[in-house]
There are 2 protein chains.
Amino acid sequence: MSSVAKNSAAASAAAAGPAEKPAAKRVRRTADEARRLILDAAEARLAKQGPEGLRLQDIARDVGISHPAILHHFESREGLVRALIARANTQLRDRLLGALGSDHPSQDAADHIGHVFEALSDRGTARLLSWLLLTGRATEQSDAHNVMSEIVDVLQARREEYSKEKGKPAPDKEDTLFVAMLTANAAFGEAIVGRQLAEATGLDQDGIKRFRTWFAKLLNDHLEDKR
Amino acid sequence: MSSVAKNSAAASAAAAGPAEKPAAKRVRRTADEARRLILDAAEARLAKQGPEGLRLQDIARDVGISHPAILHHFESREGLVRALIARANTQLRDRLLGALGSDHPSQDAADHIGHVFEALSDRGTARLLSWLLLTGRATEQSDAHNVMSEIVDVLQARREEYSKEKGKPAPDKEDTLFVAMLTANAAFGEAIVGRQLAEATGLDQDGIKRFRTWFAKLLNDHLEDKR
DNA sequence: TTTAATATTGACAAGAATGTCAGTACAGAC
DNA sequence: GTCTGTACTGACATTCTTGTCAATATTAAA
């Protein structure tokens, strides 16, 4: 990781110094690549150390560049944060809708719930989003709005299709919304307090898995009943 | 509760100068009172503006004192944060265990869940605790550990008592743990993403209430089944 | 009233963080 | 090879924030 630059020698060395510093060639990336690396590093720091760990100097060191380079690509620290939000939002959206998509036509709630929890755990996405929600930065972001609505729509369509097959009455849309909402709340909650609660109650990794299965079954039973 | 100071007493002016600064009488509180006011202000800022809003100068201004006064009472900013954590922890514990206590011998999950959600919403307790969990400050605090265990124990005792009355088999303890865990996760999640999700799906205040009722019923059905 | 304790303050110190700027070095176009 | 655009850097400026300190004011005890 420690790709130190240290290019003080410069021209002065000329042909003199034995092997001071081979004038470490300055690395030059494409703008997109640089932005990606910076966002990755910022994300990692955020996931590990929380909001206070998001300092330009630190991120720059992680990437192996100077901190003005970050300013160059994102204008300001706020710009970086906004870019972080935007990327997390679209990534989350893609994963969630992808999981519900035609590739996995599973009717089983357990699968869906597993995907939701994993998508939010991955790379600390939930922690990142939680932080920005706590700081009140998400109000401007209307992206999040659509995601939830889209998902509820997809789920509702599934349920209606399914109940038609079975010749049962169509499920209430609000019920579907509540199922999605509970799942979202629980997943976010687990991302934040999960580890603590697990430790507090002596639940190991396997126990957490059992909890998720238990939760999925709870919802499944509910869905079957309602259908 | 807005015990604003603002004591521009003119007394000192006597008959002297053209009322430069009437030497605003300095307010002196007891140490406990001062600590309480400071913690209240800090809590309010944290709930409203998130972690970044926790600056000594701002808190001091809210209380109507100078920022060194805060340092005097809490040693350092970290000391203030720790005091905040400790108070939130004990308050939460008291409210939760109080709600489950003998005063309200309700067997109805709806009541309990309502209490949990309210206790965490109140004064932004969940947001406060979430923030400190995100910043990794809670690892040292073993208080939280006990709370969850205590609650699970109380709940389990209730269920066993209840099932004995009905002559049913005793419930699995892990099931009780999972119920408590889901409730905690959901409550924390709602405290953070609840507002956003509600807006995104066009759910008004009343809708949120319906959601909680729906959730309580879901758990109630489960508990009845298991019992 | 005098005294002791301490809550409180203004001024200052030290450090950290973001942001600016002029210049440098690398890549592709010509 | 030369030129041009721009990713990148080091040094500096600025602002903000916590923390220190000596001094002051207020309350309660003596």
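Convention: sequence-line order gives letters A, B, ...; per-chain numbering from 1.
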Side-chain donor-acceptor contact under 3.5 Å, A:T176 with A:Q156: yes
Separation of D:dT9 P from A:L56 CG (nearest whole Å): 14 Å
Whole-Å distance separating the CG atom of B:L71 from the P atom of C:dC12: 18 Å
Interatomic distance where CD1 belongs to B:I70 and P belongs to C:dT6 [whole Å]: 21 Å
Distance in angstrom units between B:L54 CG and D:dC16 C1', rounded: 15 Å
A:H73 backbone acceptor or donor facing A:R35 side chain under 3.5 Å: yes
Residues A:E43 and A:R87 bridged, charged N to O under 4.0 Å: yes
Carboxylate-amine/guanidinium contact B:D204 B:K209, below 4.0 Å: no
Gap between atoms CD and P, on B:Q57 and D:dC16 respectively (whole Å): 10 Å
Among A:L39, A:V81, A:L84, A:L56, the one residue meeting side-chain contact (heavy atoms from CB on, under 4.5 Å) with A:F74: A:L39
Please tabulate the protein-to-nucleotide N/O contacts below 3.5 Å involving nucleotides 4-7 of chain D, giving atom names and distances.
unit_1: D:dG5; atom_1: N2; unit_2: A:R28; atom_2: NH2; d: 2.9
unit_1: D:dT6; atom_1: O2; unit_2: A:R28; atom_2: NH1; d: 3.1
unit_1: D:dT6; atom_1: O2; unit_2: A:R28; atom_2: NH2; d: 3.0
unit_1: D:dA7; atom_1: OP2; unit_2: A:H72; atom_2: NE2; d: 2.8
unit_1: D:dA7; atom_1: O3'; unit_2: A:R29; atom_2: O; d: 3.4

Rounded distance in Å - CZ (B:R77) to C1' (D:dT17): 9 Å
SB check B:D40 B:R36 (cutoff 4.0 Å): yes
Atom-to-atom span, CD of B:E78 to P of D:dG19 - whole angstrom: 9 Å
Atom pair distance, as rounded to whole Å: CD in B:E33 and C1' in C:dT6: 16 Å
Of the listed nucleotides D:dC21, D:dT17, C:dA17, the one nearest the side chain of B:R55: D:dT17
